[in-house]
Amino acid sequence: MPLSDELRDLYQQVILDHSRNPRNHGELPPPCLHAHGDNPSCGDEIDVWLRLGDNGVIEDLKFKGQGCAISQASASMMTQKIKGKSKDQAASMREDFRRIVMGDGAPQDEDALGELVLLEGVQKFPQRVKCAMLAWRAVEQALEGK
Amino acid sequence: MPLSDELRDLYQQVILDHSRNPRNHGELPPPCLHAHGDNPSCGDEIDVWLRLGDNGVIEDLKFKGQGCAISQASASMMTQKIKGKSKDQAASMREDFRRIVMGDGAPQDEDALGELVLLEGVQKFPQRVKCAMLAWRAVEQALEGK
Amino acid sequence: MDWHRIRSDFPVLDQQVHGHPLVYLDSAASSQKPRAVINTLSHYYERDNANVHRALHELSNRATEAFEAARKKVARFVGAASEDEIIFTRGTTEGINLVANTWGAQNLKAGDVILYTGMEHHSNLVPWQLLAQRTGATLKHIPVLDDGTLDPASIDTLLNEQVKLFAFVHISNSLGTINPAKELCARAKAVGAVTLLDGAQSVGHLPIDVQDLGCDFLVFSGHKMCAPTGIGGLYGRMELLERMLPWHGGGEMIAEVRLDGSTYKQPPHRFEAGTPDIAGVIGLGAAIDYLEAVGMENIHRHDANLSHYAVQQMREVPDIRILGPQSGPRGSLVAFHFDWAHPHDLVEFANSHGIAMRGGHHCTMPLMKRFKVPGTTRASFYFYNTIDEINRLVEVLHAARKFFT
Amino acid sequence: MDWHRIRSDFPVLDQQVHGHPLVYLDSAASSQKPRAVINTLSHYYERDNANVHRALHELSNRATEAFEAARKKVARFVGAASEDEIIFTRGTTEGINLVANTWGAQNLKAGDVILYTGMEHHSNLVPWQLLAQRTGATLKHIPVLDDGTLDPASIDTLLNEQVKLFAFVHISNSLGTINPAKELCARAKAVGAVTLLDGAQSVGHLPIDVQDLGCDFLVFSGHKMCAPTGIGGLYGRMELLERMLPWHGGGEMIAEVRLDGSTYKQPPHRFEAGTPDIAGVIGLGAAIDYLEAVGMENIHRHDANLSHYAVQQMREVPDIRILGPQSGPRGSLVAFHFDWAHPHDLVEFANSHGIAMRGGHHCTMPLMKRFKVPGTTRASFYFYNTIDEINRLVEVLHAARKFFT
Ligand SMILES: Cc1ncc(COP(=O)(O)O)c(C=O)c1O
Ligand SMILES: Cc1ncc(COP(=O)(O)O)c(C=O)c1O
């Protein structure tokens with residue numbers, strides 16, 4: 001059965017692999033920052049735990065969640081990329097990532113996103129943007145209390 | 001301005017005359033039977049007062065009301081016709097009158113209705129049937145407690 | 001403006017009634033619909049129909065997108081700060097009941113005053129009466145003067161710190177009076193009262209800006225502004241909406257449901273339980289597109305011209321008593337009374353000449369009592385009506401007078 | 001029956017999605033509409049549109065007549081004793097909320113039991129939860145067995161004299177289970193409980209006779225039975241309706257309004273405040289005409305064939321877990337779960353092959369918890385679906401499995 005290009009782009013092997021075998025899966029022991037995120041409209045849920053160093057650097061983070069391949073893969077890939085980054089760096093990566101999945105302008109530093117860029121297939125599926133952003137919003141909430 | 005035949009039939013001079021100068025208008029002093037009728041959907045209202053003789057004959061009746069020409073004329077003409085009639089006669093006149101205004105079969109005793117027959121123009125205006133029947137329903141209620 | 005071209009957008013107007021061209025003068029009860037709105041409904045059902053939210057298939061995506069786009073249109077149309085302040089309802093009546101049963105039930109207690117006016121539609125009376133029974137709140141009303149305006153002295157004394165809610169009509173559907181909504185909202189705010197503006201006769205007739213008007217709630221009916229039947233809107237200031245408990249329970253308004261209890265979504269979804277009237281909402285969006293293309297300022301001006309002309313001409317009919325303001329601005333309707341004919345007889349007479357009007361109490365019984373009339377006959381206009389039609393109305397009123405007297 | 005001709009009555013089905021013919025398998029969420037219904041709406045707006053009741057002009061007479069004729073059709077369609085037992089609502093959700101806020105608020109007190117089941121839609125849970133909070137009534141539920149049926153032992157113990165209301169779904173929208181409504185109503189009656197039957201998935205799918213079923217209330221949604229969005233019905237036994245206080249206040253539901261209080265009309269008008277969804281009601285009537293022309297027995301048989309065939313075929317897909325009855329009668333839907341793909345990914349995959357399905361909790365979160373799934377994917381059928389479409393679905397499920405594992 002022929003598959004559309006859009007679908008292949010959305011579910012690339014790397015993405016499916018992350019969703020099947022999520023990295024940094026689990027909880028951090030307290031004390032740490034924690035936030036819960038959900039998309040009530042589709043039922044995706046995520047919890048992130050996050051330890052911040054004195055220097056404002058994300059020393060460690062883990063997540064647990066349930067939801068579609070996009071939300072879980074995005075979470076897994078994100079944890080790999082923002083570990084070791086500062087709060088500010090994480091914020092600008094979030095903005096760059098948002099631009100990529102929404103097709104809303106060029107990212108400032110595409111390289112920093114690494115394989116997260118593969119999620120740009122989401123552009124063609126506007127209903128899935130909130131899946132891709134779920135983990136990112138939870139991290140923002142944990143860091144900024146938003 | 002040309003008037004349609006239906007409209008002329010509905011508002012015949014006799015009918016307009018009864019509505020302008022209602023006969024048997026007013027109240028009877030107690031003791032007597034009384035009923036209030038209304039059409040909530042159009043706001044027509046009527047009160048009838050009615051004195052029944054020992055022989056079951058309607059010795060006297062009066063009414064007060066407000067509403068359209070059809071409801072008031074029907075009330076006025078009715079009071080003239082059922083005064084002196086027995087409960088049962090009044091009931092069969094009501095049924096005959098209903099047939100005439102609804103165009104629902106021939107009346108049993110058309111003559112008894114006299115000029116009430118002029119209200120047959122209502123047939124062409126189904127929304128006005130309840131106007132024509134208002135006073136009759138009130139009398140029924142007063143007599144039968146319905 | 002080419003009003004004749006615009007009129008031709010309304011297929012229903014092109015018909016004969018009892019051998020006469022239809023003259024539709026009952027838009028205050030319900031407006032007619034332009035072809036654009038009718039076609040939007042057909043198109044939706046023929047191409048995109050599906051349930052909204054929580055689905056990922058193509059039709060559902062399309063339906064959801066059009067549905068939420070309509071919410072944005074409504075927000076812009078009434079000047080809301082955010083589309084999250086717009087709740088879809090069946091119409092004005094449901095909107096008022098929603099506020100009474102949520103904000104009202106939560107915030108009113110015995111002794112608090114609910115203030116309304118003597119010219120309210122039953123929809124803006126009965127829900128508050130039911131609420132007063134439930135909470136022990138007290139009902140008060142601002143009386144109407146002979147000229148159809150609110151009594152300023154009573155406003156001074158009645159609109160005080162005891163008032164928790166002031167609910168009033170923007171344009172009276174029985175008098176045509178345009179109440180000074182901005183001033184009244186400001187005065188209510190000064191005494192700490194929440195305001196609900198009944199916009200059934202103003203939204204779609206005047207440019208509306210809730211932030212400029214300063215009302216806390218605005219309710220309106222789509223069917224009176226070229227949209228389908230069964231759809232309307234409630235605007236609420238977010239600060240109030242977000243503290244309001246839900247009213248209807250069901251799908252779409254919940255965050256999580258357990259067998260023993262539930263948590264709720266944020267506004268507006270908290271107040272939209274169950275499958276909404278999807279086509280109706282999209283049709284409301286199409287109606288707004290249409291009205292904006294004609295131009296709300298143009299519509300307002302045309303409406304005002306018609307009612308001004310109608311009052312002038314109708315005053316020439318002997319024995320007529322026109323209710324409401326005798327000069328100056330009025331809504332696009334004229335209600336009147338004759339001693340020589342009951343409104344229903346007059347409406348029937350007019351109908352046999354192709355003219356559609358409404359006779360009766362217009363859901364404002366207390367106002368009828370106030371003016372000591374059993375009811376009135378009302379001619380109401382919208383931008384598809386013409387001066388010719390008003391001439392025709394006046395002609396028929398003269399003929400009716402001859403016939404009935 | 002010429003089902004292919006009937007299918008061609010539905011314009012929406014004749015389109016391509018992502019290069020494939022649309023296969024619409026989401027009718028349990030909302031059904032498609034036949035041309036007859038769409039045309040009825042256009043015709044209404046193009047010829048007859050006007051507000052109903054209390055007017056005497058031609059358009060209003062036509063609209064009122066069509067409106068009340070639709071009430072008669074609904075009454076006949078569900079077997080009500082009188083059309084006065086039919087109240088028009090926005091849909092199932094509003095109907096349940098109406099009963100909860102009128103009959104429920106009047107009749108329930110602390111300690112009374114509201115009984116529902118573990119397979120209810122949020123619409124048949126949340127209104128009772130809100131009511132329980134308000135009245136102090138206790139909520140209990142009949143658990144669901146592994147095969148998707150109600151636990152008979154729990155019915156024996158829970159359906160007792162303490163139960164004032166038993167609200168349950170006729171056909172589960174998540175399992176396909178057809179509950180033995182007649183038997184359950186009889187048992188409820190024996191203990192003095194009032195019954196509310198959620199007919200969202202049964203009305204329009206099965207022949208319904210409320211007098212035979214013996215329910216006190218029945219609620220349903222027009223949009224799931226070929227009617228427009230935004231319209232539905234509540235049947236209530238007159239004996240109960242006539243004792244119920246009004247819910248929404250406004251026009252059309254009152255007998256007399258004074259500035260300090262009001263009296264109310266008889267059912268059904270007492271419960272229909274404000275301008276109703278006139279076109280929606282008339283469209284519902286047209287949908288019933290259409291369904292009756294196809295024949296409710298035919299529809300039921302076709303539905304049953306499709307779901308029987310679907311279950312058979314889908315069982316062949318490895319790793320699939322089909323929820324609900326594994327054999328015997330079921331509603332026209334099949335919900336299933338795979339460990340290797342989240343429902344949303346599966347729905348997205350199917351959509352890219354032209355198939356419209358729904359994935360998620362289907363507004364039955366407690367049931368998802370009960371079956372320990374995050375959600376399911378649901379294919380739901382109506383009489384316009386075909387065996388070919390089910391074959392196509394199965395093909396795509398195989399392909400998805402290959403793709404995601
Ligand atoms: C079983 C059941 N009950 C209630 C509902 C709610 O119906 P509506 O959203 O039309 O109010 C649905 C459909 O969504 C349903 O399937
Ligand atoms: C001023 C006013 N308020 C409220 C309403 C009620 O609107 P609806 O019947 O659409 O709910 C109307 C119209 O009937 C009205 O004119």
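Order of the sequence lines sets the chain letters (A, B, ...), proteins ahead of strands, with each chain counted from 1.
- Using a 4.5 Å cut-off between heavy atoms, Asp26(C) contacts chain D through its side chain alone, with no backbone atom that close.
- Contacts between Arg134(C) and chain D at a heavy-atom distance below 4.5 Å involve the side chain alone, from C-beta outward.
- Counting heavy atoms from C-beta on, the side chains of Val12(D) and Gln15(D) come closer than 4.5 Å.
- With a threshold of 4.5 angstrom between heavy atoms, Thr89(C) approaches chain D through N, CA, C or O but not through any side-chain atom.
- With 3.5 Å as the limit, one finds no donor-acceptor pair spanning the side chains of Thr263(D) and Glu256(D).
- Both the backbone and the side chain of Asn51(C) come within less than 4.5 Å of a heavy atom in chain D.
- Of the atoms belonging to Lys140(C), not a single heavy atom falls under 4.5 Å from chain D.
- Both the backbone and the side chain of Val257(C) have a heavy atom closer than 4.5 Å to some heavy atom of chain D.
- For Phe10(C), no part sits under 4.5 Å from any heavy atom of chain D, backbone or side chain.
- For Thr377(C), no part lies under 4.5 angstrom from a heavy atom of chain D.
- Residues Phe88(D) and Asp277(D) are not in side-chain contact: their nearest non-hydrogen atoms beyond the backbone lie 4.5 Å or more apart.
- Of the atoms belonging to His248(C), heavy atoms from both backbone and side chain fall under 4.5 Å from chain D.
- Only the backbone of Asp14(C) has a heavy atom closer than 4.5 Å to any heavy atom of chain D.
- Interface residue Trp247(D): backbone and side-chain heavy atoms are both found under 4.5 Å from chain C.
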### Task
Starting from the C-alpha separation in whole Å, work towards a yes-or-no answer on side chain to side chain donor-acceptor pair (under 3.5 Å) for Arg358(C) and Asn173(C).
CA-CA 11 Å; Arg358(C) 190 154 293 241; Asn173(C) 67 308; over 6 Å; no
